[in-house]
Every structure is written in C-alpha cells, then in structure tokens.
**Student:** 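Sharing a structure below in structure tokens format, with a few things to ask.
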Amino acid sequence: MKDHYQLLVIGAGPAGLAAAAEAARLGLDVALVDEQKAPGGQIYRNVGSIQEPVSTYLGKDYLRGKPLVEEFLQSGATYINSASVWYLDERLETGLLIDGASHFITAERLILATGAQERPMPLPGWQLPGVMTAGAGQILLKSAAMIPSRRVVLAGSGPLLLLIAWQYLQVGVKIGAIIDTTPGSGFSKLLPYLPRALPAFDYLLKGLSFILAIKKAGIPVYKAVADLRAEGHESLESVSFTTGLGDGNKRTEIDMEAETLLLHQGVIPNLRLPLAAGCELEWDALQQSWKIVKDIWGQSSVDQVLVAGDCAGIVGARAGELQGRLCALQAAHQLKKIDLQPRDRAATRIKRSLQRHLSIRPFLDTLYPPAKAYQLPDDETLVCRCEEVNAGQIREAARMGCVGPNQVKAFTRCGMGPCQGCLCGSTVSALIADETGASMEQVGYFRVRPPFKPITLGELANT
Amino acid sequence: MFRLVDETSVDTLKLSIEGREYDVPVGISVAAAVLLCGITRLRNTPVSGSPRLPYCMMGICFDCLMTIDGFPNQQACQLEVRENMTIEIQQGAAELLQQR
C-alpha cells in the first residue's frame, strides 16, 4: 500500500469492483479500499469462496458476482481489504483503519461506491434482540451459511423481502408468515411506468417467480397490514398487527409467536462518504430518499469526486456495475489516459445497457413505496437506536423551533451515537418536514463528521 | 436462534464468550458466532441498559459493539473469529481508561 494513488475507489461491491478493474485496464494507478475481507460488497458477499449447497440456494443472480470479482482480482488494481474508512474530508484525504493502525491516503481522483443500506423501519419493539433486517438474514446465509433455527417471520415490502423468502424456501427454512406492509398504490399509478419497464422484462418475471414460489409453499401472506409491533421482554417473543382490506372492511387482529423477525422496506443510498467529501444532495420524491447530484459519468458536484452505484441513488447491482465503468472511463479521461473519442466509443455500449437496467426502477419504486407508518412512526417508537430517542421527542423539538436535523441533534442527542444517524437520519428529516410543513429539501440531512468509526488515540497514533 | 445449513463438515476453532468456551466455524464474524451460540444479548445500551443483538450485520448500525480481547467498542459483525478469542458483553459505554 502506498500513500498516494492516481485513483482511489472506495467500496468493493459491483460498482467499485467494475470501476477499479476498468480503471486499471485503462492504465491508471488505482487502489480499491473495502471494509470486508473479500470482494463482492453485500450483494455478492463472499461470492469468491461460497460453497455448495449454499451457492445454489442463493440463486443465479448472486453467482453473477463471480466473474466480476475475478475480473477485479486479475486487473492489477491494488486491493486494500479489511480497511475501514474512518476519515474523509473536503480536501479528500482518506483515513483508513487497518488492523489497529491508522493510515492516510491521497489520490487525484476518488470514486465513491459505498453502496446502499436498508431503509430504517422504526416500529414498536424494533430494537429487541431477535429483530434484524432482511439483509442481515441474507448476510448470515452468504457469509456464515446460517439460517434461523426456529420460527422466523418476514415483514415489510420490496423485492429483497421476496428474494430472501425464496432463498429461505430453497434451503428449507420454515417461514411462519410474510407480513406485507406495501401500501396499496393501485394499479392505475403503476400503469404509466409499465411500458418503460418492459425492456427489463426479466426483472418482472423474476419477481413473479418468487411470488409464485411463496404461494406454492403455502406461506401465509398478510396484506393491508397496520399497527405492526415486535413484542417481548428481554427479546422478541411475538409479532402483532392488524390486517384487512381497508375501505371500512373489518380488521382482524393477529398475534403470532416468533423468535426472529426480519424487517425490510427497500434500500437507500449509504450517503456518509459522499457527504463527507462535500458532494451536493438532492431529494428524490419517487424513491423517497436522498441522492447525490451527478451527471451520466458519475461526476459529483466536487471536482475530484465521482460516484457510482447505489450510494448515489438506488439503481441495483447491474446498473451499479455499469455506472462504475463509466466513472472509470471519465476518471481516466480527466487524468489524460484516454482521449474524448475513445472514451465515448467505449461508453456507448455501456450507456445503452445501463438504460435498460435503469428502466425498471420507476416501476419498482412505484410498486413498493415505503409505508407512511414506518417513516412517521408513533410518538413512543424509538427512532434513534443509539441514543434511544423516540419520535415524540423529535416532534417536540420540531415544535420548539428546530428547523433541521442538526438542531434536533443538539436538542435531543438523536443521531449523535456511534451510527451517526445512519439508522435514524431519514426518519428524523421526514418527521421534521411533517411536523413543520417544510419540504425535505428545506429540512435537509445530518451533517457528517469524522471519525466515522470508533478509533482510539492509540490506533490514531499507531501509523 | 440461528443454526448452520450443514452442521457436518465444518472446520471449527475455540473461543470464549462471557467466560464459557464454544466451538465455532472458522471464517465467520464474531456477531454470527454470538447468534450461533444462542447468546441472548451482546450488549446493554448506555442510555437505558436494554439488551441488544446484531441488527444489520453490515457495519452500519453499531448495535453489535462488544468487548473483544479486552478492547471495548468493537463491531462484532466486522471482526472475524480467531482461536482463543475472548468475547464479552459490553455493559453500557466503554470505560475511558482500562487496566490491562
């Protein structure tokens, strides 16, 4: 590892792997930094050393990561694994924490590919032991070949919830129930997006095949769900909710025993490093999330910073990979490794393919909007898991005159814990906007400050 | 709470959690090991003392902070298990100065 590279890529998911491999091929001196011990990010996690039979259970889309990881490992790019980025500022100095020692790296260009995180789903009891994200369930399957040993219930909305249900069915996990919190958006809202989604017909077929498999397996699926709660004393004991078809129909109360509850309501960009680098944000009303302002090449509002994949706005693994390649072409052009014409020639095919993979997004975003109940939770529901601040306290701070999340943080400590707002940021902004009547753009988001990871003085001094 | 898909052919190593010895598969994270061993809490929160287990498993939520080999505030989901590792529940916030 050197202390300076022409190009530094952060994140070894599809976007980062493609960016680093492409950049190395174009002759750039490039290093890729990643927190995991093996390349793949969360979506292709552990794909390089996955064993049978788990690899089969995970499905074909997961195994697509294998050639990409190979391409990266053979590209000649420097790979810095098991390295946490604990520092990044607007001068683009990157601080890494590797095995108890801190290192600083500079680069002429930075490609941020830090991926997505699951959208927080605050509901009563979501902090209880036994409640996890659906992604966590998937990571346990991919990285440790582990599955829930007793009754597991899945709750929420979106493609990943269907995927993990399908994967669990392949392994033979008994799923107690699927609690579908998708608000009924109505077919009329979806129709305008359907023609545009048709080029990505394979995505639709895949989704349908998951739904059919779930139906065939006889797993109870509850729809039109409200009042979802995780209950238990020291750990999760049961999940309760009401279900009905709305429109004045009678609601049924249900209380079911569960040892594990996996929650999911879509993914949102992991904004921390782009924000730390000073990249400009914008609100995406359709995706109901923040994203990073960028052009088709991934150029952010900061000259030396490009962004690729889900960290800049949710696009999915395949589109993220293609965006990574475009970023690498642009960085290579900016650093005079490739002229304008060959850059554009190489980009033509990538852009066409990217268009196809992006065409499904508006349809998916309209099909699976996050439910209001878990964006604007009841007063008693914990919003900040670290500092244990509930929605009522945030509403009160907004009523007292706090106009944005940074003021709410000063008043309530919300977002001041070790996760630095990753698990409450989107909820806090939404609550303030709702309470004050301001727009999300007016309310804004938490300011991000290093250190991003707990680091001791000893580790800081140990270079 | 969680089990292995296939419990036969797995290489294991020995470590201790709260003073008790366990055999766990090589290559998994500390957080995965905690879940596999059926531990019911890995920390008590600094604010209310309520129990927590891993939530996101990907380094985002910091709900899996444990004391590992004497060092507090370690993200259990980001650390791989090692032979003879000593893993302890973290009680509230870490002490600033420690006797080692």
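Predicted model only: the values in this text are computed from it and were never measured. Quick note: numbers below take in every heavy atom, side chains included, and nothing from hydrogens, waters or symmetry partners. Naming: A, B, ... by sequence-line order, numbering from 1 per chain.
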**Student:** For A:Ser143 and B:Ile28, which heavy atoms make the closest approach, and how far apart are they?
**Tutor:**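 Smallest heavy-atom distance, with atoms named: O-CG2, 4.3 Å.
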**Student:** Examine whether an atom of A:Asn46 lies under 4.5 Å from a heavy atom of chain B, and if so say whether it belongs to the side chain, the backbone or both; otherwise answer neither.
**Tutor:**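 Interface part for A:Asn46: neither.
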**Student:** Report, in residue-number order, which members of residues 36-45 of chain A are under 4.5 Å from chain B by heavy-atom distance.
**Tutor:**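 Against chain B, the residues of residues 36-45 of chain A that fall inside the cut-off (heavy atoms, under 4.5 Å) are A:Gln36, A:Lys37, A:Gln42, A:Arg45.
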**Student:** Measure the spacing between CD1 of A:Ile455 and CG of B:Asn73 and express it to the nearest 0.5 Å.
**Tutor:**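 One gets 12.5 Å once the value is rounded to the nearest 0.5 Å.
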**Student:** Under a plain distance cut-off of 3.5 Å, with no hydrogens placed, do B:Gln78 and A:Ser84 share a side-chain donor-acceptor pair?
**Tutor:**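 Side chains of A:Ser84 and B:Gln78: no pair found under 3.5 Å.
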**Student:** Of all residues at least two apart in sequence or in a different chain, which pass the ring-ring contact (aromatic ring centres under 6.0 Å, His included) check with B:Tyr55?
**Tutor:**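 Partners of B:Tyr55 by the ring-ring contact (aromatic ring centres under 6.0 Å, His included) criterion, ordered by chain and then number, come out as A:Trp126.
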**Student:** So what's closer than 4.5 Å to chain A heavy atoms on B:Leu79: side chain, backbone, both or neither?
**Tutor:** neither
**Student:** Verify, without hydrogens or angle tests, whether A:Glu35 (side chain) and B:Gly59 (backbone) share a donor-acceptor contact under 3.5 angstrom.
**Tutor:** no
**Student:** Show the nearest heavy-atom pair for residues B:Leu65 and A:Pro418, with the distance to one decimal.
**Tutor:**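 Answer, listing the atom of B:Leu65 first, then A:Pro418: CD1-CG, 4.1 Å.
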**Student:** Which atoms of A:Ile147 come close to chain B, meaning under 4.5 Å heavy atom to heavy atom: side chain ones, backbone ones, both, or neither?
**Tutor:**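 For A:Ile147, the contact with chain B is made by backbone and side chain together.
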**Student:** For the residue pair B:Val5 and A:Leu141, establish whether any side-chain heavy-atom pair is separated by less than 4.5 Å.
**Tutor:**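 Of all side-chain heavy-atom pairs linking A:Leu141 with B:Val5, at least one is under 4.5 Å.
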**Student:** According to ring-ring contact (aromatic ring centres under 6.0 Å, His included), who are the partners of B:Tyr22, at least two apart in sequence or on a separate chain?
**Tutor:** none
**Student:** Decide whether A:Lys453 and B:Gln75 meet the rule of one side-chain donor and one side-chain acceptor closer than 3.5 Å.
**Tutor:**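 Yes.
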**Student:** Using a heavy-atom distance cut-off of less than 4.5 Å, which residues of residues 35-42 of chain B contact chain A?
**Tutor:**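 Only B:Leu35, B:Leu36, B:Thr40, B:Arg41 of residues 35-42 of chain B have a heavy atom under 4.5 Å from chain A.
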**Student:** Between CG of A:Leu382 and OG of B:Ser48, what distance do you get to the nearest 0.5 Å?
**Tutor:** 8.0 Å
**Student:** Where on B:Pro25 is there a heavy atom nearer than 4.5 Å to chain A: the side chain, the backbone, both, or neither?
**Tutor:**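 No part of B:Pro25 comes within 4.5 Å of chain A.
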**Student:** Between B:Cys61 and A:Cys386, which heavy-atom pair has the shortest distance, and what is it?
**Tutor:**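 Taking B:Cys61 first and A:Cys386 second, the nearest heavy atoms are O-SG, 4.2 Å.
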**Student:** State, to 0.1 Å, how close B:Ala32 and A:Ala144 come at their nearest heavy-atom pair, and which atoms those are.
**Tutor:**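 Heavy atoms of B:Ala32 and A:Ala144 come nearest at CB-CB, 4.1 Å.
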**Student:** For the residue pair A:Glu387 and B:Val47, what are the closest heavy atoms and their distance?
**Tutor:** O-CG2, 3.7 Å
